[in-house]
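Report on the structure given below.
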Amino acid sequence: MSADDRLFLGGSVKPEYLSLRLANRHGLITGATGTGKTVSLQILAESFSNAGVPVFCADVKGDLSGIAAAGEPKDFLEKRAADIGFLEDYVYEDFPTVFWDLFGEQGHPIRTTVSEMGPLLLARLMDLNPTQEGVLNVAFELADDEGLLLLDLKDLQALLAHVAERSSELSKLYGNVSKASVGAIQRQLLVLDRQGGEAFFGEPALDIRDMMRISRDGRGVVSVLAADKLMAAPRLYATFLLWLLSELFEELPEVGDPEKPRLVFFFDEAHLLFDEAPKALLDKIEQVVRLIRSKGVGVYFVTQNPLDVPETVLAQLGNRIQHALRAYTPREQKAVRAAAETFRPNPELDTEQVIMELGVGEALVSTLEGKGIPSVVQRTLIRPPSSRLGPLTASERRALIRLSPVAGIYDEARDRDSAFEVLRRRAEEAARLEERQRDREAQETKRRGAPRRTRSGFSVPDFGRDDTPAPSRSRSRSRRSDSVTDTAVKSVVRSLGSALGRALARGILGSMKRGF
């Protein structure tokens with residue numbers, strides 16, 4: 001059953017193979033929960049590894065970690081191997097595996113920088129509207145113009161605060177930048193932080209070549225991402241995997257159609273990538289999927305329903321394994337029909353009916369052959385895995401992490417000088433300059449005299465020091481005192497004079513009245 005240029009998948013009326021030369025034309029594994037999708041993913045990963053092809057896969061339920069341990073003989077596995085004529089070639093073996101984890105708990109941490117993620121994916125990650133995404137683009141443009149490194153979330157937070165302070169100035173240079181939009185982005189950053197985004201952004205950033213390793217015995221290393229906890233933040237999960245695809249697309253050189261892929265990438269729970277994705281993001285996904293095969297990378301989407309994948313992307317997936325689907329609702333019936341119509345018809349099969357009749361471990365299989373033409377769909381019993389069915393124990397996982405070829409490279413975070421530190425220094429320097437300016441103004445004010453408000457409301461100088469000689473000051477005070485005394489005396493005299501005059505007048509007039 002083994003061959004150097006193809007992978008054995010299982011048996012139908014004949015052995016079913018996947019051509020290594022056409023494996024970079026991508027693929028799709030679909031089926032309802034419990035129908036065997038994970039085992040199909042596992043046997044493909046094993047086969048690619050044995051062919052010397054590195055593999056990356058997300059372990060959503062924890063089961064895929066068993067690929068690092070040899071399987072144990074079980075009757076039902078050996079019976080299946082015998083039924084498809086695979087028993088002589090069937091061996092139990094483990095596969096070279098590196099464990100990764102965005103949170104650094106069940107594997108080596110994976111990090112990237114804010115700059116490498118870019119504004120488009122960050123906007124998707126934070127669920128920003130078009131206006132907010134535009135402001136985020138302005139922030140990135142400003143960081144480029146001013147040479148500010150954006151490595152982690154605190155760098156981005158500091159940059160956004162800086163943008164808010166300069167919003168009026170930046171609006172004239174880059175277009176409207178509202179403080180309200182900046183505030184909305186900052187709030188979404190807090191949500192991202194709570195979801196574990198802080199652990200994902202930083203350095204050392206992942207070197208994509210560490211996911212494309214070949215072991216000493218010539219087998220491809222299987223990189224397993226622990227995604228059970230990550231699934232609690234589905235948008236972070238989907239955005240991370242899309243970022244990884246984008247990095248592969250940007251970093252790898254063109255190789256055309258190689259004899260075998262340079263890397264095979266399995267995207268489990270693929271519907272999370274497309275749920276509520278804006279058109280700009282869907283266009284980017286389609287572009288990456290369409291063009292990345294020329295970089296020697298095969299992408300295999302794993303999901304429950306073929307309708308989870310947009311038609312523009314679905315058209316790029318040439319190799320297909322379809323497990324059983326249930327059709328209890330109109331939407332499920334539509335999904336069954338859609339799945340059946342994507343296969344090259346087999347006159348011996350009612351494809352739509354068979355999809356609903358498949359047992360566990362059975363699938364409809366169609367792979368590319370010849371010049372990239374899909375093979376006729378066949379009802380296939382998928383071969384049993386050689387590695388363990390089920391997860392590793394915690395102690396087994398820790399032992400493998402300690403012996404990993406990347407041990408010590410990513411385990412400790414680094415925090416070098418970046419936007420946060422630069423902007424903080426600028427703020428501190430501006431504060432010092434402002435304080436010195438205030439001190440100079442205070443000294444100047446003290447030298448010239450501080451203004452004093454009088455009762456009439458006019459400001460007059462309030463001299464802190466009278467430089468007039470002492471005798472002059474005495475004479476001035478004497479004159480001011482005499483003036484005040486004279487005024488008071490005159491006022492009293494006027495008052496007395498008026499009263500006395502009135503009294504005299506009353507007396508004279510009274511006497512005159514009495515005399516007549």
Take a 6.0 Å sphere around [atom1] of [X] and say whether it holds more than 12 heavy atoms from other residues, nucleotides or ligands.
{"X": "Lys279", "atom1": "NZ", "result": "no"}
{"X": "Arg21", "atom1": "CZ", "result": "no"}
{"X": "Glu357", "atom1": "CD", "result": "yes"}

| said: If only side-chain N and O atoms count, and only distance matters, is there a donor-acceptor pair under 3.5 Å linking Asp59 with Gln106? | reply: no

Pair Arg320-Thr367, side-chain donor/acceptor within less than 3.5 Å | no

N-O pairing of Arg293 and Asp257 below 4.0 Å
yes

SB check Lys295 Glu250 (cutoff 4.0 Å):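 Result for this pair is no, no salt bridge flagged.
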
ask   = Is the distance between the ring centroids of Phe266 and Phe56 less than 6.0 Å?
value =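 No - the distance between ring centres of Phe266 and Phe56 does not fall below the 6.0 Å cut-off.
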
Check: Tyr300 ring centroid to Phe265 ring centroid under 6.0 Å
no

So side-chain hydrogen bond (donor to acceptor under 3.5 Å, both in side chains) across residues 401-415, not counting sequence neighbours, yields His108-Ser404, His108-Asp411, Lys154-Asp415, Asp210-Tyr410

Requested in this report: Please step through salt bridge (Lys or Arg N to Asp or Glu O under 4.0 Å) for the pair Arg426 and Glu146, ending with a clear verdict.
Outcome: CA-CA 12 Å; Arg426 287 184 187 177; Glu146 297 193 357; 3.0 Å; yes

_Could you walk me through whether Asn24 and Val297 satisfy the side chain to side chain contact (heavy atoms under 4.5 Å, CB included) test, starting with their C-alpha distance in whole Å, then the side-chain angles of each, then the deciding distance to 0.1 Å, before giving a yes or no?_
CA-CA 5 Å; Asn24 66 327; Val297 177; over 6 Å; no

Practice task
Go through the steps to decide whether Ser49 and Glu46 satisfy the test side-chain hydrogen bond (donor to acceptor under 3.5 Å, both in side chains), and finish with yes or no.
Solution key: CA-CA 5 Å; Ser49 177; Glu46 292 177 357; over 6 Å; no

Open item on the list: Would Arg111 pass as a cation-pi partner of Phe201, given that its NZ or CZ must be under 6.0 Å from the six-membered ring centre and within 45 degrees of the axis?
Closed with: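 Negative - Arg111 is either too far from the ring of Phe201 or too far off its axis.
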
Practice task
Find out whether Val222 and Met211 are in side-chain contact, i.e. whether some heavy atom of one side chain is under 4.5 Å from a heavy atom of the other.
Solution key: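 No, too far: nothing below the 4.5 Å cut-off.
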
Exercise. Measure up the Phe240 and Phe200 rings against each other and bin them: parallel (under 30°), tilted (30 to 60°), perpendicular (over 60°).
Key: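 Perpendicular, since the angle between the ring planes exceeds 60°.
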
